[in-house]
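Residue numbers run from 1 in the order of the sequence given.
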Amino acid sequence: MSNDYKRGSFQLMKSINRSIVLNMIREKAPISRAEIAKQTKLTPPTVGNIVKELIDDQFVLETTQGESHGGRKPTYLEIRSDQFFIIGIDVGKFEMKFVVTNLHGFPVDKVSLEMPNANELLTTMKTGINHLLIKSEHLNKKFLGIGVGMHGIVNTETGVSLYAPFFDTYNIPIKSELESEYEMLVKVENDAKTMTLGESWIGNGNQASTLVGINVGNGIGAGITINGELYQGEHFIAGEIGHMTIDLSGPLCSCGNYGCLQALAAGPAIAENAIKSLKTGRSSKIIELVDGELERINGVIIHEAAKQGDSFSIELLNQTGRYLGIGITNLIHMVNPERIILGGGVAQAGDFILEPIKKAIKSRGLTEEAKNTPIVFSKLGKDASAIGASVLILKHFYQATD
């Protein structure tokens, strides 16, 4: 066996052990060195050496001493959250959201920029990143990397946006462009998948072994995590439930097919349905809210009218919930997840869509367990995809084998 091979094996084992200790501190803090050794089965000297490195590197800090049980008082350890940071980006149809998160994944700063046009996507991305870097400079912040949640199909290995339907663009080299510009690690993923990853780590995922996150906004997409790992599929399209056919006679979808879930229940589809019905003479508080300018109708307006008791808007959102319920039932029968999380702009409609979703699942679910699959809203809200994008980097940082 060559010395290079032995050296490589030793470095890998050291790296894995370091990740085990780091993750234990992240998940169980405050925790003592002795408790880490006990729970990980690593020797106390190994744990001691790794912890010393982590403290020297400013990733971990010692906190208040614990109670003594006959010997020396144990000193507890925690992740140091004020030294290293990550930038997370969510690329939407109309705006690009940027967050700075700490090593716990919690946002400490954010900014949003309008999306001018597809040709300026990378330029807009760099403008937002530069803004955060300049703003953070005097705070002596050190950045570990940049995570990007991009709508559409993404090759996560190369970090290329293969197809972004909202912009009708192909093969945007996001990873290589940003790594070249900023000389730091960049990871790119679909935005519904980053939302799911963020919820899995610090949101309402509650460490579910199988989790599905559904992002319902201008489009509809889903992320699937199995034991904390995102499921990609063979060609990165796993989770594209927006293009699941719900009604063969339904409206034309942007993908070219008819009756897709997205063409029935995404934000633009809801607004379009409202406009069509109102043009036929239906009465609604919506007309008053937009001063008769029907082209101003969007999901926010419809939700506002529903909150004010407008029966037309309530029925519209209920119908949206029924469509989503059919799509989610299909998903339950395919994936059988432990929990489902709803996020995105349309999810802001709350019980107006949640109740009909649950009703549809209860009437269509195959088994009693399927009918009662827990469905909750995103804990991370509007920033879920951006925070989840930063978790792409955190995951790499905490898990040496990733």
Side-chain angles (χ1 to χ4, degrees), residues 26 54 56-61 78-152 154 156 158-161 164 166-167 169 172-191 194-195 197-198 201-203 217 380-398:
R26 177 179 73 87
L54 292 171
D56 289 346
D57 291 341
Q58 298 186 313
F59 292 130
V60 166
L61 55 80
E78 287 184 357
I79 295 295
R80 183 166 187 171
S81 62
D82 61 350
Q83 286 294 306
F84 295 93
F85 298 84
I86 299 101
I87 292 175
I89 306 172
D90 171 20
V91 183
K93 184 175 184 178
F94 300 112
E95 69 174 339
M96 202 179 286
K97 296 176 187 170
F98 302 77
V99 297
V100 174
T101 68
N102 63 21
L103 289 188
H104 292 297
F106 300 134
V108 297
D109 201 356
K110 62 175 77 172
V111 69
S112 288
L113 296 176
E114 281 186 17
M115 282 294 306
N117 59 60
N119 296 328
E120 295 182 44
L121 190 143
L122 288 171
T123 306
T124 305
M125 218 175 266
K126 290 175 186 177
T127 300
I129 294 168
N130 291 340
H131 173 82
L132 291 171
L133 292 177
I134 292 166
K135 192 176 174 185
S136 305
E137 208 168 54
H138 67 283
L139 298 176
N140 194 28
K141 290 183 177 178
K142 300 167 191 167
F143 289 86
L144 298 179
I146 300 165
V148 180
M150 178 75 186
H151 83 274
V154 174
T156 56
T158 61
V160 172
S161 166
F166 291 153
F167 310 133
T169 56
I172 304 168
I174 297 173
K175 178 181 170 71
S176 61
E177 185 78 22
L178 296 186
E179 283 188 342
S180 168
E181 180 87 11
Y182 299 104
E183 297 183 342
M184 64 174 90
L185 176 66
V186 175
K187 284 186 170 282
V188 189
E189 180 57 274
N190 166 270
D191 58 352
T194 63
M195 182 200 93
L197 185 64
W201 268 54
I202 57 172
L380 305 179
K382 293 178 180 179
D383 294 325
S385 290
I387 293 170
S390 78
V391 173
L392 293 170
I393 304 297
L394 284 175
K395 192 168 178 296
H396 181 87
F397 171 69
Y398 283 111

Student: Between D383 and K97, is the closest basic N to carboxylate O distance under 4.0 Å?
Tutor: no
Student: For the NZ atom on K93, are there more than 12 heavy atoms of other groups (residues, nucleotides or ligands in this structure) within a distance under 6.0 Å?
Tutor: yes
Student: Answer with yes or no after comparing the ring centroid distance for H131 and F98 against a 6.0 Å cut-off, counting only values under it.
Tutor: no
Student: Working to the nearest 0.5 Å, report the span between CD1 of I202 and CZ of R26.
Tutor: 9.5 Å
Student: Does E78 have any side-chain contact (heavy atoms from CB on, under 4.5 Å) partners at least two apart in sequence or in another chain, and if so, which?
Tutor: A29, P30, L61, T63
Student: Can you list everything that forms a side-chain contact (heavy atoms from CB on, under 4.5 Å) with N190? Sequence neighbours excluded, please.
Tutor: A192, K193, E240
Student: Quick one: are V99 and D109 in side-chain contact, heavy atoms under 4.5 Å?
Tutor: no
Student: Can you list the steps and then say if F59 with F397 is a ring pair (Phe, Tyr, Trp, His ring centres under 6.0 Å)?
Tutor: CA-CA 11 Å; F59 292 130; F397 171 69; 4.9 Å; yes
Student: Mind checking side-chain contact (heavy atoms from CB on, under 4.5 Å) for N117 and listing every partner two or more places apart, or none if nothing turns up?
Tutor: N119, E120
Student: Please examine the side chains of L185 and I393, heavy atoms only from C-beta on, and report whether any two atoms are closer than 4.5 Å.
Tutor: yes
Student: Considering all heavy atoms of both residues, which atom of K187 and which atom of H396 are nearest to each other, and what is their separation?
Tutor: CE-ND1, 3.6 Å
Student: Compare all side-chain heavy atoms of M125 with those of V148 and state whether any distance is below 4.5 angstrom.
Tutor: yes
